[in-house]
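Have a look at the structure below before the remarks.
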Amino acid sequence: MPSPTSPRPGSRSRLRIGIGGMAIESSQFCPHRSTYDDFRVTREGALLDRYTWTRPDDELAELVEWVPLVHAVAVPGGPVERPTYDRIKGELVDRISASGPLDGLVYDIHGAMSVVGLDDAEADLTDAVRAATGPDTLISAAMDLHGNVSRRFAERLDLLTAHRMAPHEDAWDTRERAARKLVGRLAAGKGRPYRAWVQIPVLLPGEKTSTRLEPARSLYGRLASVEALDGVVDAAIWVGYAWADEERCRAAVVVTADDPRLATTQAESLARRYWSVRRDFTFVGPTGDADDCIARAVASLARPFVISDSGDNPTAGGAGDLAYMLGRLLAHEELASGRVTALHPGITDPKAVAVCFDAGVGAEVSIGVGGRFSAGTGPHAEPYELTGTVTALDDPPGPGSGAPRGNPAYDGGGRSAAVTRGGVTVVLTERRKPFHTRADFGPLDPLAYDLLVVKIGYLEPELHAMAADWLLALTPGGVDQDLLRLGHHRVRRPLYPFDDAGFEETDLSAVSL
């Protein structure tokens, strides 16, 4: 490979680095299927606009010619339909092939994508990407810590790193780290580093592995000191993605270094520590079933009191269409009578939204709410028959060309309608949509209600700041926190917490890649 600091003969002096990828978190226990329309697809200038370090005034501009390929990102959901995956994969590979020689590739992915009919979708995608770039291009992957890292996948990469915070307040920092380390390595004329990879037989939900609490706080806190060691390029820990059912689903550690022994030693040390504290992980907040959480919230003096409807969390891969929690709210006398108020966004139901828009604000409607994807999958998944008053309608403008900085997957939930019955106001959305920030609520003020009941797991920063108190409701759905009742049957066993005895001396030897 020619030196990256000297021009190719008769060609150029700057590094040519491509940017592209496909990112989604997919629950295989969710009846929703992700299609092309669920993805925000960016190309050309819009793709470069996703990042700050691609700007002409950034210091990297003198060193790098950024080559935008294609990037597709979606709100987490059910598995990706195969034609959608093949279409995005095909465009990414074609654009790499047409781009000319690349010194490097910033590979912006998630790590927990499931595709109908495929095992290890990220490995399949990366096989194709590597074949298109050729062996000399250095590929640097930026990932979510909830990704699954198989050996096949890691072998195709040269650098790979992951978020170090959950909630992911450092998501954009992770992408920048992947890019800058790639540029630094190429500019220094260094070749492919060694990667030490080890999987840990532990699979836990994100709500038990938040870095706000121990032991995850200390585990992830160690990464900076490992990375600071002379010869280490990067250190990363993945907790895995608990709502997929594949052999690759488990925690993993990768340490990247110029010395293979150093990489192996540090990877094994991190893996042993993770294994030793596996039983210490706890939920990030107090928990209970739906009725228990509602009763405790109503009785509390803290306002607003936030409840997470965690089993149907669309930002973890839930369908976002379950009306189970709505039914439980209206079954409580204080809420049904209006003596206590609650805001419950956002159940995905485009048909119900259309009825509300046709009726108009102030009209009474009788509609079946929810179950658009999930009906027939269980008693908790059926539509809820709601009679109430349309109290708000919101028809926001369509998304712009670039992804919002706070949530790269969010492209708006389309139109939404608020319907009130008793003290409960439910927000219905045309498209699956997270409610993480004040802006997500549109014309409604979440602070004006006694209870705020959101389809989420651990609270994102703005919700956390809003909450006077909160509870994590262990509700049913495609991202049920009770992993043992979901029915995993393809994960590699033994695996904690599915198994909790007989493998205390598990082999945590790292593989040098």
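If you read the sequence from its start, that first residue is 1, and numbering goes on from there.
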Legend entry - Separation between CZ of Phe305 and CD1 of Ile307, rounded to the nearest 0.5 Å: 6.5 Å
Inset, instruction - Ignoring hydrogens and angles, state whether a donor on the side chain of Glu122 or Thr126 is under 3.5 Å from an acceptor on the partner side chain. - result: no
Inset, instruction - Answer yes or no: is there an ion pair linking Glu504 with Arg279, defined by an N-O contact shorter than 4.0 Å? - result: yes
Legend entry - Carboxylate-amine/guanidinium contact Asp37 Arg431, below 4.0 Å: no
Inset, instruction - Go through the steps to decide whether Lys181 and Asp234 satisfy the test salt bridge (charged side-chain N to carboxylate O under 4.0 Å, His left out), and finish with yes or no. - result: CA-CA 9 Å; Lys181 289 194 174 183; Asp234 190 84; 3.2 Å; yes
Inset, instruction - Would you mind reporting whether Val70 and Thr42 have side-chain heavy atoms less than 4.5 Å apart? - result: no
Inset, instruction - Check whether the ring centres of Phe39 and Tyr85 lie less than 6.0 Å apart, and answer yes or no. - result: no
Legend entry - CD on Gln481 to CG on Leu486, rounded to 0.5 Å: 9.5 Å
Legend entry - Under-4.0 Å salt bridge between Asp38 and Arg33: no
Inset, instruction - State the CG-CG distance between Asp124 and Leu118, to the nearest 0.5 angstrom. - result: 5.0 Å
Inset, instruction - Would you check if Val67 and Leu102 make a side-chain contact, meaning some heavy-atom pair closer than 4.5 Å? - result: yes
Inset, instruction - State whether a side-chain donor-acceptor pair under 3.5 Å links Gln199 with Arg151. - result: no
Legend entry - Presence of salt bridge, Asp173 and Arg177, under 4.0 angstrom: no
Legend entry - Given Thr475, Asp291, Asp289, Asp309, the one that forms side chain to side chain donor-acceptor pair (under 3.5 Å) with Arg328: Asp291
Inset, instruction - Check whether any side-chain heavy atom of Leu508 lies under 4.5 Å from a side-chain heavy atom of Pro201, and answer yes or no. - result: yes
Inset, instruction - Flag yes if more than 12 heavy atoms outside Tyr194 fall under 6.0 Å of its OH atom; otherwise flag no. - result: no
Legend entry - Under 3.5 Å donor-acceptor, Asp292 side chain and Gly288 backbone: no
Inset, instruction - To the nearest 0.5 angstrom, please state how far the CD1 atom of Ile19 sits from the CG atom of Leu69. - result: 8.0 Å
Legend entry - Pairwise distance CG(Leu182) to CG(Leu15) - rounded to 0.5 angstrom: 8.5 Å
Inset, instruction - Find out whether the Lys NZ or Arg CZ of Arg278 is both under 6.0 angstrom from the six-membered ring centre of Trp275 and within 45° of the ring's axis. - result: yes
Inset, instruction - Check the side chains of Thr315 and Asn313 for a donor-acceptor pair under 3.5 angstrom, ignoring hydrogens and angles. - result: yes
Inset, instruction - Considering non-hydrogen atoms only, spot the tightest contact between Trp66 and Pro68 and give its length. - result: O-CD, 3.4 Å
Legend entry - For Trp53, the option from Val106, Val183, Val64 that meets side-chain contact (heavy atoms from CB on, under 4.5 Å): Val106
Legend entry - Geometric class of the Tyr274/Phe281 ring pair [parallel <30°, tilted 30-60°, perpendicular >60°]: tilted
Legend entry - Side-chain donor/acceptor of Ser374 to backbone N/O of Leu322, under 3.5 Å: no
Inset, instruction - Look at Arg248 together with Asp119 and state whether they make a salt bridge at an N to O cut-off of under 4.0 Å. - result: no
Legend entry - Sub-4.5 Å side-chain heavy-atom contact between Tyr241 and Leu145: no
Inset, instruction - Taking the side chain as every heavy atom from C-beta outward, state whether Leu459 and His436 have any atom pair closer than 4.5 Å. - result: no
Inset, instruction - Give a yes-or-no answer on whether the side chains of Asp321 and Thr348 include a donor-acceptor pair shorter than 3.5 Å. - result: no
Inset, instruction - For the pair Arg185 and Asp158, find out whether any cationic side-chain nitrogen is under 4.0 Å from an anionic carboxylate oxygen. - result: no
Legend entry - Sidechain-backbone polar pair: Glu246 side chain, Asp120 backbone, donor-acceptor under 3.5 Å: yes
Inset, instruction - Verify the distance criterion only: is there a donor paired with an acceptor across the side chains of His163 and Thr174 at less than 3.5 Å? - result: yes
Inset, instruction - Apply the side-chain contact (heavy atoms from CB on, under 4.5 Å) test between Thr264 and each candidate in Glu268, Gln266, Arg261; give the one that qualifies. - result: Glu268
Legend entry - Pi-cation contact, Trp197 with Arg195 (under 6.0 Å, within 45°): no
Inset, instruction - Output yes when Lys433 and Asp440 qualify as a salt bridge under the 4.0 Å nitrogen-oxygen rule, no when they do not. - result: no
Inset, instruction - Side-chain contact test, heavy atoms from C-beta onward, threshold under 4.5 Å: evaluate it for Phe373 versus Arg432 and give yes or no. - result: yes
Inset, instruction - Establish, from distance only, whether the side-chain atoms of Asp108 and Tyr51 form a donor-acceptor pair under 3.5 Å. - result: yes
Inset, instruction - Check the pair Arg164 / Glu227 against salt bridge (charged side-chain N to carboxylate O under 4.0 Å, His left out), numbers first and verdict last. - result: CA-CA 12 Å; Arg164 295 173 180 175; Glu227 187 178 56; 3.2 Å; yes
Legend entry - Val306/His464 under side-chain contact (heavy atoms from CB on, under 4.5 Å): CA gap, chis, key distance, verdict: CA-CA 9 Å; Val306 177; His464 194 267; over 6 Å; no
Legend entry - Phe435 vs Val427, side-chain contact (heavy atoms from CB on, under 4.5 Å): CA-CA, chis, key distance, verdict: CA-CA 10 Å; Phe435 285 78; Val427 180; 4.1 Å; yes
Legend entry - Arg490/Asp245 salt bridge by N-O under 4.0 Å criterion: no
Legend entry - Side-chain donor or acceptor of Ser210 paired with backbone N/O of Ala166 under 3.5 Å: yes
Inset, instruction - Kindly say whether the aromatic ring centers of Trp470 and Tyr458 come within a distance under 6.0 Å. - result: no
Inset, instruction - Considering non-hydrogen atoms only, spot the tightest contact between Ala473 and Met325 and give its length. - result: CB-CE, 3.8 Å
Legend entry - Aromatic ring proximity, centroids under 6.0 angstrom, Phe29 and His488: yes
Inset, instruction - Check the surroundings of atom CZ in Arg95: do more than 12 heavy atoms from other residues, nucleotides or ligands lie under 6.0 Å from it? - result: yes
Legend entry - Considering all heavy atoms, the nearest Leu223-Ala236 contact: CD2-N, 4.1 Å
Legend entry - Which atom of Val491 lies closest to which atom of Cys249, heavy atoms considered: CG1-CB, 4.2 Å
Legend entry - Straight-line distance of Thr287 OG1 to Leu474 CG, nearest 0.5 Å: 4.5 Å
Legend entry - Check: Glu176 side chain, Arg180 main-chain N or O, donor-acceptor pair, under 3.5 Å: no
Inset, instruction - Begin from the C-alpha positions of Arg87 and Glu91 and carry the test salt bridge (charged side-chain N to carboxylate O under 4.0 Å, His left out) through to its verdict. - result: CA-CA 6 Å; Arg87 178 178 175 181; Glu91 181 177 355; 5.9 Å; no
Inset, instruction - Determine whether the side chains of Thr211 and Arg217 contain a donor N or O and an acceptor N or O closer than 3.5 Å. - result: no
Legend entry - Donor-acceptor pair between Asp94 and Ser97 side chains, under 3.5 angstrom: no
Legend entry - Polar contact flag, side-chain donor to acceptor under 3.5 angstrom, Ser269-Arg222: yes
Legend entry - Minimum-distance pair of heavy atoms, taken over all atoms of Val253 and Ile237: CG2-CG1, 4.1 Å
Legend entry - Under 3.5 Å: donor-acceptor pair, side chain of Asp103, backbone of Ile17: no
Legend entry - Minimum heavy-atom distance Pro76-Gly317, with the two atoms named: CB-N, 3.4 Å
